[in-house]
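What follows is one structure encoded as structure tokens, with my remarks underneath.
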Amino acid sequence: MDHFEYRDGVLHAEDIPLPRIAKEIGTPVYVYSRATLERHAQVFADALRDIPRKHIAFAIKCNPNLGVLRVLARQGYGADVVSGGELERALAAGMAAEDIVFSGVGKTRAELAQGLDRGIGQFNIEHEPEGVALSEIAVAKEMTARAVLRVNPDVDAGTHAKISTGKAENKFGVGIDSAPAIFDRLSALPGLKMRGVALHIGSQLTSLDPLEAAFERVGRLVADLRAAGHSITHVDLGGGLGVPYRPEDNPPTPAEYGAMVARVTKDWDVTLMFEPGRVIAGNTGVLLTEVLWVKPGATHPFVIVDAAMNDLARPALYDAWHDFVAVKPTGEKMIASIVGPVCETGDTFARDREIDAVQPGALAVFRTAGAYGATMASTYNSRSLVPEVLVDGDRYITVADRIAAGTIMAAERVPDWID
Ligand SMILES: *Cc1c(COP(=O)(O)O)cnc(C)c1O
């Protein structure tokens, strides 16, 4: 459920008609709904009602906008961060250091030190040398790092290969079979409090089965680690729950996910940690765009919009589908390919799709663009960096400015030794 609805034939974000944002801010622009964001955060938290001890850390890589993070901080969410930059964002947004989990396969020593200095709640160790480095840094600072070991449970998440992370051949975590020995060695190191394990098998999962299989493997690992004398108090179950991108998509609901988790983990006696991203933010945003041209094509016309792959990369990167609807639909339909202005054939949002009939000057949105949207934007083709707007009832504010191509250019220089 979201708060992007038609009123008198015009698409609104909460109480704001989208043409007003297009006029005042320009296009392309991301538009987020605070009410939708809060609702999703609440629904996910409610779904975990039956879990006695838990911690929810929003995977901020999917939408690190400070305004968005502040909304979630007020909902009691912590953050799952994957870089020093994200760590600073979580703190700047008002999340408590204690509520921050540091994931990521390539943390630098500087980032490990930064996490310690900031007093974050937990490091998710991706492999043994990282744990050794964290121990050394913590000892030098006379501190103790709370950590869990990320394991790779070797299950097929059944999602797009580029967002699958839990197969043996993926770069993430340590093989679950080698985990007990690595855990033993890391536990013996000074400055490191190894308190549990973590996993995250992929994103946009549309079935609970791979998650359940992975959790069961991790449950057996927890029992093995305890049998070996370790105190296991935390298990981080990662994120990955899918969202509907097409009307016919039917991913598991947070409630179904919560029930499965409660059933599988009922005897674990740990604090369960969650790292949801897309399921919280995906449906809270749209990318508002204007149709520039409608150009005849070999079979069907091309609708050329002013948003491009640099603003919303998912279709080019993962062949992802985003619904495209007119802000003022006429009721007529057309079959067209939707493309952006970037000089790449990959700059295609949809091929030969039935869409609302649109003409040059019409406004339209790509839906479900609140996760892995603006955060992946670039300035490719010397385009501006796309701005973001947050709507709250009948008011809105620009939560990220458009960064003009000229501003980017101003950070470059021509060497004076090239004459
Ligand atoms: C990306 C990521 C997530 C969030 O994934 P979603 O599919 O957006 O829920 C959670 N944990 C880790 C470690 C990640 O890399």
Side-chain angles (χ1 to χ4, degrees), residues 37 40-41 43-45 47-48 55-64 68-69 72 77-83 86-87 90 99-107 111 115 120-127 130 147-153 157-167 170-174 196-208 210-211 214-215 218 234-245 249 251-254 257-258 261 272-285 313-314 317-318 320 368-376:
L37 188 59
H40 288 185
V43 165
F44 190 84
L48 304 177
H55 175 70
I56 309 179
F58 176 59
I60 78 174
K61 75 173 188 278
C62 85
N63 192 326
V68 167
L69 295 186
L72 292 173
Y77 274 57
D80 172 53
V81 305
V82 294
S83 70
E86 285 193 352
L87 173 50
D99 293 334
I100 297 176
V101 175
F102 202 158
S103 298
V105 72
K107 303 179 205 75
E111 285 173 322
I120 66 163
Q122 177 174 298
F123 293 85
N124 290 8
I125 303 291
E126 288 266 354
H127 66 152
E130 184 193 11
V148 300
L149 181 62
R150 178 165 176 182
V151 298
N152 184 325
T159 187
H160 191 282
K162 287 186 184 164
I163 48 175
S164 177
T165 56
K167 284 280 285 169
N170 296 139
K171 68 179 176 180
F172 298 98
V174 300
V197 291
L199 77 162
H200 171 72
I201 63 168
S203 196
Q204 185 54 15
L205 307 189
T206 52
S207 161
L208 292 178
L211 284 168
F215 295 169
V218 164
H234 290 73
V235 177
D236 186 334
L237 297 179
L241 210 53
V243 299
Y245 282 99
D249 284 351
T253 63
Y257 171 82
V261 170
L272 286 180
M273 305 177 73
F274 299 88
E275 301 171 348
R278 189 190 311 267
V279 71
I280 305 297
N283 269 316
T284 66
R314 297 189 65 259
L317 206 51
Y318 315 125
T368 322
Y372 306 103
T375 185
M376 285 189 179

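Indexing begins at 1, ligand by ligand and atom by atom, following the structure's order. Keep in mind that the numbers below use all heavy atoms, side chains included, and drop hydrogens, waters and symmetry copies.
Of the protein's heavy atoms, Lys61 NZ, 1.3 Å lies nearest to atom 1 (C) of ligand 1. Among all non-hydrogen protein atoms, the one lying nearest atom 10 (C) of ligand 1 is Glu275 O, 3.2 Å. Counting protein heavy atoms only, atom 7 (O) of ligand 1 is closest to Ser203 OG, 2.3 Å. When only non-hydrogen protein atoms are considered, atom 8 (O) of ligand 1 lies nearest to Tyr372 OH, 2.6 Å.
Under a 3.5 Å cut-off, the side chain of Lys61 and the backbone N or O of Val82 do not form any donor-acceptor pair. A donor-acceptor contact shorter than 3.5 Å links the side chain of Thr165 to the backbone of His200.
Residue Arg278 approaches ligand 1 through these ligand atoms, each under 4.0 Å from one of its heavy atoms: 6 (P), 8 (O), 9 (O). Under a 4.0 Å criterion applied to the non-hydrogen atoms of Gly239, ligand 1 contributes the atoms 9 (O), 10 (C). Atoms of ligand 1 lying under 4.0 Å from any heavy atom of Gly240, numbered from 1 in the order shown and given with element: 5 (O), 6 (P), 7 (O), 9 (O).
Separating the CD atom in Glu86 from the OG1 atom in Thr375 is a distance of 7.0 Å, to the nearest 0.5 Å. Atoms CG and OH, on Leu237 and Tyr257 in that order, are 5.5 Å from each other to the nearest 0.5 Å. Atoms CG and CD1, on Leu72 and Ile56 in that order, are 10.5 Å from each other to the nearest 0.5 Å. Rounding to the nearest 0.5 Å gives a distance of 6.0 Å between CD1 of Ile163 and OH of Tyr318.
Residue contacts with ligand 1: Arg150 is placed with no nitrogen or oxygen under 3.5 Å of a nitrogen or oxygen of the ligand (distance criterion only). Remark: ligand 1 and Gly277 share an N or O pair separated by less than 3.5 Å (distance only, no angle test).
By the 30° and 60° cut-offs, the orientation of the rings of Phe123 relative to Phe102 is parallel.
A salt bridge links Glu130 with Lys107: at least one charged nitrogen is closer than 4.0 Å to a carboxylate oxygen.
A heavy-atom separation below 4.0 Å is found between Asp80 and ligand 1. A heavy-atom separation below 4.0 Å is not found between Phe172 and ligand 1.
Heavy-atom proximity to atom 4 (C) of ligand 1, evaluated over Pro276, Gly238, Ala59, is greatest for Ala59.
In Glu126, neither the side chain nor the backbone holds a heavy atom less than 4.0 Å from any atom of ligand 1.
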Audit row: Glu126, Asn124, side chain to side chain donor-acceptor pair (under 3.5 Å) steps and yes/no
CA-CA 6 Å; Glu126 288 266 354; Asn124 290 8; over 6 Å; no
